[in-house]
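First the structure, in the form of C-alpha cells, and then the observations on it.
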Amino acid sequence: MKKDIILAGVGGQGILSIATVIGEAAMQENLYLKQAEVHGMAQRGGDVQSNLRLSSEPIMSDLIPQGGADLIISLEPMEALRYIQYLKPDGWIVTASNAYVNIPNYPELEELLAHVRAHKNHVLLDVETLAKQAGAPAQAANMVLLGAAIPMLGIEHDKVMAGIARVFARKGEAVVASNSAAAEAGYQHSCQTTQQ
Amino acid sequence: MKHVLLGDEALAQGAIDAGLSGVYAYPGTPSTEITEYIQLHEAKHPSGIFCRWASNEKTAMEAALGMAYMGKRALVCMKHVGMNVCADAFMNAAITGVNGGLVVVAADDPSMHSSQNEQDSRFYAKFAMIPCLEPSSQQETYSMTRYAFELSEQLKTPVLLRVTTRMAHSRAVVETVDTPREQNTMSLPENVQHFILLPAFAKRNYAELVANQPLFIQRSNESVYNSYTKGTKPKKAIITTGIAYNYLMENYDPAEGRSILKITQYPLPTALIEQMVKDGAEEVLVIEEGQPVVEELIHGLVPSTIEVKGRLTGDLPRMGELSPDSVRAALGMPALETKQADDIVVGRPPALCQGCGHRDVYAALNEVAREYPQPRIFGDIGCYTLGALSPFHAIHACVEMGASVTMAKGAADAGQHPAIAVIGDSTFTHSGMTGLLDCVNTKANVVVLISDNLTTGMTGGQDSAGTGRIEQICYGLGVEPEHVRVVVPLPKNMDEIKQVLREEINYNGTSVVIARRECIQTLKRHLKAAKKNS
C-alpha cells in the first residue's frame, strides 16, 4: 500500500486536522508515514499545503515528486489546482467548492470550478452546506472533506471513523459525534457522485 | 515508545532523553517548535529543565555556555540567521570549549519559506572548527541529538546540529527510549583558564582546538552516522548529506551500481572520501541541502582529474531547497508523467490578519507619511513586514532584526526627514534597544514606532521579553518622557494616532510612539482559555 496525498488550503482553514486524523488511522494500520507541513509566515492567510505520504514500506523523501500524488484533498477549489502538476495523470482531486476570497484578483468561481471538473477524477462538494445538513458546526467542514476522500485513501471507512473518534476524544462526545456525522455526510456524497 | 513527531519535536525529545538541563532560544521559523515542545513537556512532567525564552540568540548562546560551564547539558536553538546574532558567543565557545555538553541547533531555511536569506549553517561549524551533525531522518534527528551531547562532552567542544525546514516541519514515526538519562550534577571546569579568553590563554586554547582537528576528522571517519558503500560500478560516485540522502534514495535504482557516501557528521570524513577515490571514482555527484559547502570542499580532497558535479555545475539548482524532482534530474532520470500546471491559479500571498493592530498602525502611518514629500519608513522582522505588500505598501526597507531603528538613524544622519522605524515589541527587545540608545545619544531625528502586540506574533505567539515594560525601557534608555507616546491602534482612534505621529515627526529629536493592542491570534486563544476556565 502506498498513498501520496497533497492536502491544500488557505492558512488557518484547518488542513492539519485532516492530516492528523489520517495519520492516526495510518498509525493503527502500522503504516509508515511522513508528513511535511508549512509553518510560519504563510500561515497568515497565504496558500498552505501538506505532503502526506503513507506506505507499507519505509518512505524516503518528505516531499512528493511532481506527478507522484495519488490524491489532492483541498479545502478550497483554487488551492486544489495550485498543486495539479503534482497529481498522477489518473490521480483524484477531492475539493471543497467553497471559495476563500482574500485576494483582489481571485478568478471567476464558475470558470474555476469548470477547471476542476475538467479533470475526470474529481469530487467537488459544498462542505459548508453538507456540514450544516449533518447538524455539525462550520468548523467541521474539514471533516466533510475528509469523509469525501475516504474512498480514495486506501484505509477502510470504519478505520478512518475510528481515527476521528480517537483524535477528538478529549474534546468530548458531542464533538466526536458532530465530526463523525460531518465525515459520514462527505463520505456518502463522495460515494454517490463517484458512482454516477 | 513510538510517536509521530515533527523533526523539531524529535530533536527536543532527544535532548530531554539526553539529560538536558536547559534550553535557550529565541523563536524563529523553523526552529520554534523545539523549545515549545520542551516547555510543554516540562509543564506536564516537571524535571527542572530551564526553558524560558531568551531575549535574543546571543543571550541564549551565552546563557547556555554558562550552564555548560557548570557541567550541565544545555541546548541552544535558533533559525539560521540567529547564528549571525550569536556568532560572537558561538565562535568563542569553540575556543573556550565546554564542561557539560553544549549543542547548538541551527534550523536552516533553504528556499526562504519564512526567512530573508538561505545561508547554510554548516559554514559556521567549519568557521568555528567544531563538529557538525546533519541528520537525514526524524529518527536520526532524535538519536543524533543524544549522540551530539555525548560527542560534545567527549571532545569538550560545542557541537552544531543542523536541520533544515523540511526536517524541522515534517512528521514521521520516531522510536524513543523509555527513560531519560539523569541530568548532570553541577561541576566546575577542570581548567578555568579555558574560559578566560585573555590573549595569552586564548592562544593556547586555539592551538588546542587546531590540534584537535585530526581527532574530529577521525570521529567522522568512524561515525556510525557516516557510511560509504562501494558500488558495482564505482566510476560514478555520489556524496549526499543530511536530508538530501532521502531525495537520492527516493529515486535511486540500485542497479546503477554507484558508490554512495552518506555524510551526516562533519568535519568531512576524509578517509571515506579517499576510499571512494581508491575504488575508482571518476565522477562525483554531490547532493546536499543548502549551499554547495561539500561541493566546494571536495575539490581540495580529491584529485583534480575527478569531475565534481552539483549545485555549482548546474546539475542541481544553484539556489533553493532540493526536491525529489531536482535530484531525479541530476541522476539523469526522466521526470514523471504529470498534469500541466493550471494558469487560472493566482498567487495568494500571506497577509496581516483581519482585525490586527498592525493594520491600523499602517493605515494611520500611510496617511501621515503622505503629508511629507519624501517619507522613509524602515521596517523590521515580524508579521508587520507584511506591511510591505498590498494594500499598504508602507515600508521602504526590511533587513534584519533591529535594523529599522538604526537604519532610520543612519538615514536621519544623512539628512532624511521624516525617518521612521516600525518595529514590533519582541524585535525591539531582541535587537532594537541598543539602536535606540544610539539615537538618544546623538539626538537623532527619528520616530521609532513600536507596534506592540504583547507577543512574538509571527512565530505563533511566544512570550515577548519586554511585555509591560516597553515605556520604562525607553525612559531608561534616555528617551525624553514627553516623547514616549502611547496609542491604541483601533480604527476609532485614527485621528488621535495620526495627530501623535505628526507631532513626533515634527519634533527634532528621538521620539517613540508605542501602538499597543494585543495580537488578534493570542487574544482569541486567551478568550477561549478564559471561557473554558469559567
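Model, not experiment: these values are computed from the prediction. Residue numbering restarts at 1 for every chain, and letters A, B, ... go by the order of the sequence lines.
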query: Closest approach of A:Leu63 and B:Pro324, non-hydrogen atoms and distance?
result: O-CG, 3.5 Å
statement: Honestly, the part of B:Leu322 sitting under 4.5 Å from a heavy atom of chain A is backbone
query: When heavy-atom pairs shorter than 4.5 Å are enumerated against chain B, which of A:Glu108, A:Lys88, A:Gln85, A:Glu111 gives the highest number?
result: A:Gln85
Contacting moiety of A:Leu112, where chain B heavy atoms sit under 4.5 Å: both
message: Can you tell me which of A:Ile59, A:Asn102, A:Leu52, A:Ile103 forms the most heavy-atom pairs within a distance under 4.5 Å of chain B?
response: A:Asn102
task: Under 4.5 Å heavy-atom distance to chain B, tell me which part of A:Ile64 shows up: side chain, backbone, both or neither.
output: backbone
- line: Okay, B:Ala341 and chain A: the region with an atom under 4.5 Å from a heavy atom over there is both
- line: chain A shares the most heavy-atom pairs under 4.5 Å, among B:Ser390, B:Ala172, B:Ala335, B:Ser323, with B:Ala172
message: Distance check, rounded to the nearest 0.5 Å: B:Lys339 atom NZ versus A:Ile93 atom CD1?
response: 6.0 Å
task: List the steps, then state whether side chain to side chain contact (heavy atoms under 4.5 Å, CB included) holds for B:Gln138 with A:Asp62.
output: CA-CA 10 Å; B:Gln138 289 78 359; A:Asp62 295 84; 3.1 Å; yes
- request: Could I get the full list of ring pair (Phe, Tyr, Trp, His ring centres under 6.0 Å) partners for B:Tyr362, not counting sequence neighbours?
  value: B:Phe392
message: Would the distance check show the side chain of A:Arg82 and the main-chain N or O of B:Val346 forming a donor-acceptor pair, the cut-off being under 3.5 Å?
response: yes
field: B:Pro30 portion near chain A, given a 4.5 angstrom heavy-atom threshold
entry: neither
field: Interface moiety of A:Asn51 toward chain B, non-hydrogen atoms closer than 4.5 Å
entry: neither
message: Any side-chain to backbone donor/acceptor pair from B:Asp342 onto A:Leu81? Under 3.5 Å, distance only.
response: no
task: Might you confirm whether atom CG of B:Asp343 has over 12 heavy atoms from other residues, nucleotides or ligands at distances under 6.0 Å?
output: no
- request: Quick one: which of B:Gly460, B:Cys353, B:Ser137, B:Gly347 has the most heavy-atom pairs under 4.5 Å with chain A, could you say?
  value: B:Gly347
query: In terms of heavy-atom pairs under 4.5 Å with chain A, which of B:Arg348, B:Arg171, B:Glu250 leads?
result: B:Arg348
query: More than 12 foreign heavy atoms under 6.0 Å from CE of B:Met1: is that the case here?
result: yes
query: Are A:His39 and B:Thr32 close enough, and set up right, to give a side chain to side chain contact (heavy atoms under 4.5 Å, CB included), and what steps lead you there?
result: CA-CA 10 Å; A:His39 296 201; B:Thr32 313; over 6 Å; no
field: Residue B:Ile243 versus chain A: region with a heavy atom under 4.5 Å
entry: side chain
field: From CA spacing to verdict: side chain to side chain contact (heavy atoms under 4.5 Å, CB included), A:Glu37, B:Leu6
entry: CA-CA 9 Å; A:Glu37 301 171 1; B:Leu6 286 175; 3.9 Å; yes
- line: Note: vs chain A, highest number of non-hydrogen pairs under 4.5 angstrom among B:Arg328, B:Glu33, B:Gln521, B:Gln340 is B:Glu33
- line: In terms of heavy-atom pairs under 4.5 Å with chain B, the winner among A:Met27, A:Glu24, A:Glu79 is A:Glu79
- prompt: From A:Gln66 CD over to B:Asp325 CG, what is the distance, rounded to the nearest 0.5 angstrom?
  reply: 4.5 Å
query: Looking at B:Val345 and A:Met78, what are the two nearest heavy atoms and their distance?
result: CG2-O, 3.9 Å
- request: Check whether more than 12 heavy atoms from other residues, nucleotides or ligands sit under 6.0 Å from atom CD of B:Gln116, and answer yes or no.
  value: yes
- request: Please look at B:Leu352 and chain A and tell me whether the side chain, the backbone, both or neither of the residue comes under 4.5 angstrom of a heavy atom of that chain.
  value: neither
statement: Scored by heavy-atom pairs under 4.5 Å with chain B, the best of A:Gly91, A:Ser61, A:Ala69 is A:Ser61
message: So, using salt bridge (charged side-chain N to carboxylate O under 4.0 Å, His left out) as the criterion, who are the partners of A:Lys3 when residues are at least two apart?
response: none
